[in-house]
Amino acid sequence: MTPTGVWSQVVGQSEAIGVLQRAARAAAEIAVGRTPAPGAMTHAWLFTGPPGSGRSVAARAFAAALECSTYDPDDTGATMPPGCGQCNACHTAMNGTHADIREVVPEGLSISVAEMRSLVQAAARRPSTGHWRVVLIEDADRLTEGAANALLKAVEEPPERTVFLLCAPSDHPDDVSVTIRSRCRLLGLRTPPADEIAEVLIARDGIDEDTARWAASICAGHVGRARRLATDEKARARRQSVLNVPLNLRRTQDLFTSADDLVKAAETDAATVSDELDDAERQALETAMGAGGTGKGTASATRGAKGALKDLERRQKSRATRTQRDALDLALMDLAGFYRDVLTQTLGSAAPLYHPDRAQDVATAASNWTPESVLRRLEAVLAAREAIDANVKPRIAIEAMVATLHRGR
Amino acid sequence: MSPANDGPSPLYLVLGDEELLVDRAVTSVLDVARKVDPTADLSRVKVSDITPAELAELLSPSLFAEGRVVALLGAQEIGKELAEAVAGYVKQPSEGIFLVVVHTGGGRAKHAKELPAQLKKAGARVAECKKLTKPQEREAFVRDEAKRAGGKIDPRAISALTETVGSDLRELASATAQLVADTGGHITEDAVRRYHRGKAEVTGFAVAEKAVTGDRAGALEALRWASHLGVPHVLIADALADAVRTIAKVSHIRGVDPFSVAGELGMPPWKVKKALAQARGWDSGSLATAMQVVADVNADVKGAAASPDYALEHAVLRLIAARQHP
């Protein structure tokens, strides 16, 4: 059965949708004062799944279903699950503007303790317009240790009508602390199959079938990436230039041009984001702090503004760093996928390719390189990812990586 | 340098931010004032601590017409009202009062930036006290200092002194004066070495330069000095990475004029020339290893290693080993 309403946004996750719909039905029963079968609804959920599988979309759809105002638990004949996608509550929930849903979408490198403390306070209130107060934390893997600890108490025993929805790539202790993990119900999402991604691209985004199928085949199960590749010319060009790197490394000079291309592209991404947002944010804050005002008392009103501006600049810098790292990470994952393909070819495996459109290059590389050297190159790419994560200057890490890619030993 | 050479003037402007020179300029004005009136005293006030009314009080002639020097410090941050008060005063200075305005030459607000020009227009004597940034300027300063103290100094002694004492002018001045007193007037390199040992400043670049040319002892010594002096580990690691990258970039150039490729490589010609000299002894294999080494140490100094000091030393040794046995 194809999912309806808000659930249509969740791609290729029929099992998870079933669990969530049952939970939302039970939640509606609780909201009208009945006691449904125990175990259907839980107060804290942890959505895990590979990047692009739609963790946050699933969480948001579930939040919308909890708040949905058209679903009536007394209407036994109703076939529609909660989350109609039509009512006001569903709309605002999916757009992130519902009054009872608090979303935490980290733009910076981490989520701070201070942010979580204020969140815990907000979570303690009763819902105002809807049935539930929902707290949605995207990227719970970015919680610092202190921030996770500040959440513990609230996640363990939230107020009666509060639900915590956390999203993370996996429930591995590296991503989510064990103490948080043990207090949540785990909901694993799988990598959505290419066919379903293509269908969504065609149905929802109005992309023509050929492009949609092509994008779905090369996105490695990442729905957002598929849409980007299908609609954005620049993203396609970027991916091509990244995948050109392995076979273009012939002379020593190429090393620096390739490394330069990779780093510059990421820097440009970060600069674009900064250009779009930084100045506007700054001006908004300055105005809020009383800049440009005239008359008595304006001088004292703006006195405290410096600290707030510094704070904003710090957050903007963190966001720029993260944008740059995310962009580089995407490129590195594409590269790693290429070497993985080459490795499967050299070893004679029939596993499906990560980059099916590059089968030609993969075959060329597979005939020239030994499995050992491919593996070493793959390791170099993964090591560069780790190094960048450990705050090594991106340029230095990438150049060291490209040097190994060049030599293969 | 001294603004007081041409006799007294009611108005002085000290422009610049080299502390020692500013101090000297202010004191020299006091000396001039004392020639006119031996009881003259000096009051130093910061623009941030004073109101226009207080300034007017300081600048009005006293009953018995004692001489007075008023030094207005930090005038680059002057407020609008105070700037107006100063501008008003300079049109009609009081007798027996010397106003010294100390200004870095910068300033954010418009009225603060315009103050020096206003004072110059009003006929202020100007003393330039800019920061000395070039080594030659500092050497000239040391030579002048020796002369001032009534002695002279050898050129080799000057470089020995700047190497061991550093670039702080106050320290250089006092060290020079002390040496003149100790040696009886003529400072030689031996004399400097007798009183001063060690190194005052070592940059990450000095370490990196020695490391990539294979000078094991020199590199380790420079590294120890650098860590002893508290040069941040990250800076040294970055300097190492920069040195290796620069060499790798020029390594494929053979027999080409450094000036013609400088633009293409995005480096100044002198850097290309230097890197070409350093590139001897490296090949593509050893350079790849070296790039891995500097990437590793970059993570190490940012918390991956238990001891960043050890990590840096190890990296320097690995670089030198990579150059010898790729």
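In what follows, every chain begins at residue 1, and chains take the letters A, B, ... in the order their sequences are listed. Computed from heavy atoms alone, side chains included, the values below leave out hydrogens, waters and symmetry copies.
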**OP:** On the 0 to 90° scale, with breaks at 30° and 60°, tag the B:Trp225-B:His228 ring pair as parallel, tilted or perpendicular.
**Re:**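 Because their plane-to-plane angle is over 60°, the rings of B:Trp225 and B:His228 count as perpendicular.
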Original post:
Is the shortest distance from a Lys or Arg side-chain nitrogen in A:Lys317 or A:Asp278 to a carboxylate oxygen in the other one below 4.0 Å?
Top reply: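 Result for this pair is no, no salt bridge flagged.
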Subject >> Interchain contact, B:Ala304 with chain A, by part (heavy-atom threshold 4.5 Å) >> reply: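 It is neither, since no heavy atom gets under 4.5 Å.
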Original post:
At a heavy-atom separation under 4.5 Å, does A:Ile388 approach chain B through its side chain, its backbone, both, or neither?
Top reply: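 Nothing of A:Ile388, per the 4.5 Å heavy-atom cut-off to chain B.
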Original post:
For chain A, which of B:Ala248, B:Ala290, B:Ala241 has the most heavy-atom pairs under 4.5 Å?
Top reply: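 The candidate making the most pairs under 4.5 Å is B:Ala248.
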Subject >> Contact winner vs chain A - B:Arg245, B:Lys249, B:Met291, heavy-atom pairs under 4.5 Å >> reply: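 So the answer, after comparing B:Arg245, B:Lys249, B:Met291, is B:Arg245.
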**OP:** Check for a donor-acceptor pair, side chain of B:Thr289 on one end and backbone N or O of B:Gly285 on the other, with a separation under 3.5 Å.
**Re:**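 Checking the backbone N and O of B:Gly285 against the side chain of B:Thr289, a donor-acceptor pair under 3.5 Å is found.
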Subject >> Flag side-chain contact, heavy atom, 4.5 Å: A:Arg315 against A:Asp311 >> reply: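 They are in side-chain contact.
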Original post:
Take atom NZ in B:Lys273; do more than 12 heavy atoms of anything else shown fall under 6.0 Å from it?
Top reply: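 12 or below, so no.
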Subject >> Heavy-atom pair count under 4.5 Å with chain B, highest-scoring of A:Glu399, A:Arg395, A:Glu386 >> reply: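 It is A:Glu399.
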